[in-house]
Amino acid sequence: MNSPGWATREFFLNNLDTFRAIYEARPIRDNAGGMLSTHMFYSWLTAKTLNPELIIDSGTYKGQSAWLFKQACPNAKVISFDVDTSQRKITCEGVEYVDGDFSQYDWSGIPGKSLAFFDDHQNAYNRIQQCNWFGIKTIMFEDNYPPQQGDCYSPKKILSCSGFRDAEASQSKNKPEKISMRRKIAQKLTRKLQDPNSQQSQMEQFQAIHIKRNDWDKKILESKLEAYIEFPPIYQCDFTRWGDAWDRNYPTPTPLKGFISSQEAINSTDIYANECKAYTWICLCKLK
Ligand SMILES: C[S@@+](CC[C@H](N)C(=O)[O-])C[C@H]1O[C@@H](n2cnc3c(N)ncnc32)[C@H](O)[C@@H]1O
């Protein structure tokens with residue numbers, strides 16, 4: 001699969017220091033459950049490089065990602081979606097916050113140069129179909145989980161032909177805050193769906209879903225993709241965020257700055273090293 005031409009290791013390395021200062025100025029100091037430095041770096045760099053007119057931020061949470069996109073592209077329109085807006089801690093000038101799902105917005109008249117960023121743990125296959133329909137060709141997925149992990153059907157799973165089985169049960173030990181957040185949202189959604197006045201919502205991630213192993217999702221996706229990149233980790237630790245070793249179960253691009261032990265990550269004065277375990281194969285899909 002082709003990578004976007006601009007997305008080279010040299011370009012990433014050359015921009016790491018510039019982003020440090022932006023990350024240092026972030027308004028949400030504790031963004032556990034949301035993006036940390038590595039993923040924020042690639043999201044900022046992609047937005048800044050592509051300079052879209054419109055950025056869709058699906059998964060507002062406390063508001064950090066919408067803030068980030070405004071730093072990258074001050075002139076872009078940023079629309080930030082969440083189905084649980086009670087979690088938002090900040091309001092950024094120039095950002096439109098929407099209580100609802102991206103698929104239920106009026107996208108008629110959408111600018112040609114738009115970037116959609118999904119950090120909402122929904123089914124990526126559906127998200128790509130929706131983007132294609134709305135005319136959005138440049139799409140990022142923050143939680144691009146590998147086959148055996150995570151709570152959503154990701155591009156990495158599609159391209160691995162693994163299907164999807166919710167790994168929530170096996171992860172609840174390791175990511176308590178994300179799981180309880182997900183439960184809260186599921187309860188809220190159930191209430192919304194029971195309300196006859198609320199719009200029907202496509203939220204199958206919150207129903208028990210199982211997608212069987214298949215290669216047809218991969219074939220269709222590949223036929224729609226012009227370019228795809230999994231951004232490399234900046235540092236890679238000896239153990240994954242799930243506590244197991246990085247091995248052939250987790251095919252990963254070579255880290256930009258190298259391999260470190262968990263102890264070195266904890267002791268490091270480099271924020272990219274400290275937070276390296278938060279990496280989840282963040283990716284960019286460019287549709288034809
Ligand atoms: C991991 S957090 C997002 C973190 C945020 N992007 C950041 O970097 O700080 C995931 C968010 O997705 C939201 N969410 C769940 N389903 C959603 C949907 N269908 N549309 C938009 N947001 C959704 C959750 O309420 C939660 O706030």
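Remember, it's 1-based here, ligands and their atoms both numbered in the order they're listed. If you're wondering where the values come from, they're calculated on a predicted model, not measured in any experiment. Just so you know, residue 1 is the first one in the sequence shown, and it goes up from there.
- When non-hydrogen atoms are compared, ligand 1 lies under 4.0 Å from neither the backbone nor the side chain of D143.
- Interface of S58 with ligand 1, defined as ligand atoms under 4.0 Å from a residue heavy atom, comprises 20 (N), 21 (C).
- Residue contacts with ligand 1 leave out F102, since none of its heavy atoms falls under 4.0 Å from the ligand.
- Between D57 and ligand 1, not a single N/O pair is under 3.5 Å apart.
- Checking only distances, G63 never comes within under 3.5 Å of ligand 1, N or O to N or O.
- Counting only distance, with no hydrogens or angles, the side chain of T138 and the backbone of K113 share no donor-acceptor pair below 3.5 Å.
- Any N or O atom pair closer than 3.5 Å counts here, and G59 shares at least one such pair with ligand 1.
- Polar contact check, S65 against ligand 1: a nitrogen or oxygen pair lies under 3.5 Å apart.
- Side-chain N or O atoms of E53 include none that pairs as donor or acceptor with a backbone N or O of P111 at under 3.5 Å.
- Screening Y272, F19, Y42 for a ring pair (Phe, Tyr, Trp, His ring centres under 6.0 Å) with F12, the sole residue that qualifies is Y42.
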I'd like to know whether F239 forms a side-chain contact (heavy atoms from CB on, under 4.5 Å) with K277, so could you lay out the CA-CA distance, the side-chain angles of the two residues, the decisive distance to 0.1 Å, and finally the verdict. CA-CA 8 Å; F239 293 104; K277 277 202 177 168; 4.2 Å; yes
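- Polar contact check, K62 against ligand 1: no nitrogen or oxygen pair lies under 3.5 Å apart.
- T60 places no side-chain N or O within donor-acceptor distance of the main-chain N or O of G63, the cut-off being under 3.5 Å.
- Counting heavy atoms under 4.0 Å from ligand 1, residue H39 does not touch it at all.
- Environment of NZ in K224: sparse, with no more than 12 heavy atoms of neighbouring residues, nucleotides or ligands closer than 6.0 Å.
- Rounded to the nearest 0.5 Å, atoms OH (Y279) and CD (Q236) are 8.0 Å apart.
- Heavy-atom proximity to F81, at under 4.0 Å, picks out these atoms of ligand 1: 21 (C), 22 (N).
- Set against the non-hydrogen atoms of Q87, the atoms of ligand 1 under 4.0 Å away are 25 (O), 26 (C), 27 (O).
- Heavy-atom proximity to N31, at under 4.0 Å, picks out these atoms of ligand 1: 7 (C), 8 (O), 9 (O).
- The local environment of NZ in K212 is sparse, with at most 12 non-hydrogen atoms from other residues, nucleotides or ligands closer than 6.0 Å.
- Those atoms of ligand 1 with a heavy atom of D119 less than 4.0 angstrom away are 1 (C), 2 (S), 3 (C), 4 (C), 5 (C), 6 (N), 7 (C), 8 (O), 10 (C), 11 (C), 12 (O).
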Can you check ring pair (Phe, Tyr, Trp, His ring centres under 6.0 Å) on F134 and F102, steps first, answer last? CA-CA 11 Å; F134 297 138; F102 145 87; 5.5 Å; yes
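- Between the side chain of W246 and the main chain of C237, a donor-acceptor pair closer than 3.5 Å is present.
- Taking every non-hydrogen atom of M35 and a distance limit under 4.0 Å, the qualifying atoms of ligand 1 come out as 7 (C), 8 (O), 9 (O).
- Aromatic ring centroids of W281 and F141 lie 6.0 Å or more apart.
- Here atom 13 (C) of ligand 1 lies nearest to D82 when heavy atoms of D120, L68, D82, D101 are compared.
- By the 4.0 Å N-to-carboxylate-O rule, D120 lies close enough to R127 to be salt-bridged with it.
- Which parts of ligand 1 touch Q64 is read off a 4.0 Å heavy-atom cut-off, strictly below it: atoms 9 (O).
- Ligand 1 places these atoms under 4.0 Å from at least one heavy atom of H121: 1 (C).
- Of all the heavy atoms of E142, none lies under 4.0 Å from any atom of ligand 1, so neither backbone nor side chain is involved.
- A heavy-atom separation below 4.0 Å is not found between R26 and ligand 1.
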